[in-house]
Amino acid sequence: MIKEAVASSLIEVEAKLKAGADRIELCENMHDSGTTPSYGMVKIASDMCQLYGAELAVMIRPRGGSFVYNWYEFESMQADIRQLKTLPIDYFVFGCLTDEDTLHQFQMQTLIQLAAPIRVVCHMAFDHIYPAGQSKALQQLMDLGVTRLLTHGGPAQSNLFDNLPQLAKWVRQSKGQIEIMPGGGLNYENLDALLELFPFQEVHGTHIVKT
C-alpha cells in the first residue's frame with residue numbers, strides 16, 4: 001500500500017519521508033487547499049524523494065477557490081508544467097472544471113498532453129462535479145489516460161467513512177484503468193479502520209504518516 005503525504009514546505013517533506021511516506025504530494029498555500037509550488041521547492045523536494053526512494057507528485061493550481069480557470073490562469077498552468085517537467089518528478093496533480101460543474105475536457109486534455117511523459121492525477125476538483133455527472137466524468141478521466149483520481153467520495157464536509165459505498169462504486173467502474181485514492185479526513189489514526197472496510201491500494205492525507 002502506498003501512503004501519499006501532503007507537504008507544503010521542505011521541512012514537511014523531510015519529516016514525512018522520515019516517517020515512512022511512499023509519495024509526497026507537494027504544494028504551497030495549504031490555507032488555500034494547495035497551489036503550485038516554486039521551481040526551487042520542487043527541485044529540492046525531488047532530490048529528497050530520490051534519496052528516500054519515494055515518488056513525488058506536484059500540484060498545478062494557480063490559486064485557491066474554484067477549479068474554473070480563465071484563459072490567463074490556464075496559460076499559467078501550462079507555463080508551470082513546461083518548466084517543472086524538466087525536473088525528475090513522477091506525477092502532476094490538477095483538475096479543471098466548467099461553469100456547469102462538469103469536467104473541462106479541453107483544458108484537461110491540453111494539460112495532460114503537455115505533461116507527457118509525466119503521469120497525471122486528478123485531484124478533489126472531481127468532488128465539485130455535480131453528483132449525477134461524476135460517473136461520466138470518471139469515464140472521461142479514464143479515456144484521457146489519467147493515472148489516478150484523488151477523491152473524498154462526497155462533499156468536503158462529509159465523513160469519508162460514510163462515502164465508502166460511493167468510493168467502492170467508482171473502484172468497480174474503474175476496472176483497474178485508473179487508481180481510486182481516498183483522501184480528506186484520512187490519517188494515521190483511522191487508516192487501519194478504513195483498510196479493514198475496503199482494501200485501497202493507495203491512500204492520501206496531510207497526516208497519513210505520524211511525524
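Along the sequence shown, residues are numbered consecutively beginning with 1.
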Visitor: Can you name the side-chain hydrogen bond (donor to acceptor under 3.5 Å, both in side chains) partners of S8, sequence neighbours left out?
Guide: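 Partners of S8 by the side-chain hydrogen bond (donor to acceptor under 3.5 Å, both in side chains) criterion, ordered by chain and then number, come out as E12.
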Visitor: By side-chain hydrogen bond (donor to acceptor under 3.5 Å, both in side chains), which residues pair with R119, not counting sequence neighbours?
Guide: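 Once residues adjacent in sequence are excluded, the partners of R119 under the side-chain hydrogen bond (donor to acceptor under 3.5 Å, both in side chains) criterion are Y91.
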Visitor: Please identify each residue that fulfils salt bridge (charged side-chain N to carboxylate O under 4.0 Å, His left out) with R61, with sequence neighbours left out.
Guide: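 For R61, no residue satisfies salt bridge (charged side-chain N to carboxylate O under 4.0 Å, His left out) once neighbours in sequence are set aside.
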Visitor: Return each pair, listed once, that meets salt bridge (Lys or Arg N to Asp or Glu O under 4.0 Å) where at least one residue sits in residues 77-98; pairs must be two or more places apart or across chains.
Guide: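 Applying salt bridge (Lys or Arg N to Asp or Glu O under 4.0 Å) to every pair that reaches into residues 77-98, excluding sequence neighbours, yields nothing.
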Visitor: Counting only pairs under 3.5 Å, give me each side-chain donor-acceptor contact of residues 104-118, with atom names and distances, residues two or more places apart or in other chains.
Guide:
| residue | atom | partner | partner atom | Å |
| --- | --- | --- | --- | --- |
| H104 | ND1 | Q107 | N | 3.2 |
| Q107 | NE2 | Y69 | O | 3.2 |
| T110 | OG1 | F106 | O | 2.8 |

Visitor: Scan for side chain to side chain donor-acceptor pair (under 3.5 Å) pairs involving residues 198-211, sequence neighbours excluded, and state none if there are none.
Guide: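 Sorted result for residues 198-211: E4-H204, R23-E202, R148-E202.
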Visitor: Please list, one pair per line, the donor and acceptor atoms closer than 3.5 Å that link side chains of residues 193-200 to other protein atoms, with sequence neighbours excluded.
Guide:
none

Visitor: Which residue pairs pass the ring pair (Phe, Tyr, Trp, His ring centres under 6.0 Å) test with at least one member in residues 163-185, sequence neighbours excluded?
Guide: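 Listed by first then second residue: F126-W170.
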Visitor: Can you tell me which residue pairs pass the side chain to side chain donor-acceptor pair (under 3.5 Å) test with a partner in residues 24-42, sequence neighbours excluded?
Guide: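 Listed once each, the pairs are N29-T35.
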Visitor: Name the atoms and distances for all side-chain donor-acceptor pairs under 3.5 Å in residues 46-54, with sequence neighbours left out.
Guide:
| residue | atom | partner | partner atom | Å |
| --- | --- | --- | --- | --- |
| S46 | OG | Q50 | NE2 | 3.3 |
| S46 | OG | P88 | O | 2.8 |

Visitor: May I ask you to list the residues sharing a hydrophobic cluster with M181, side-chain cutoff 4.5 Å, ordered by chain and number?
Guide: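 The other cluster members (ILVMFWY side chains, heavy atoms under 4.5 Å, direct or chained) are M124, L150.
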Visitor: Suppose we screen for side-chain hydrogen bond (donor to acceptor under 3.5 Å, both in side chains). Which residues come up paired with S9, at least two apart in sequence or across chains?
Guide: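 Listed in chain order: nothing, the list is empty.
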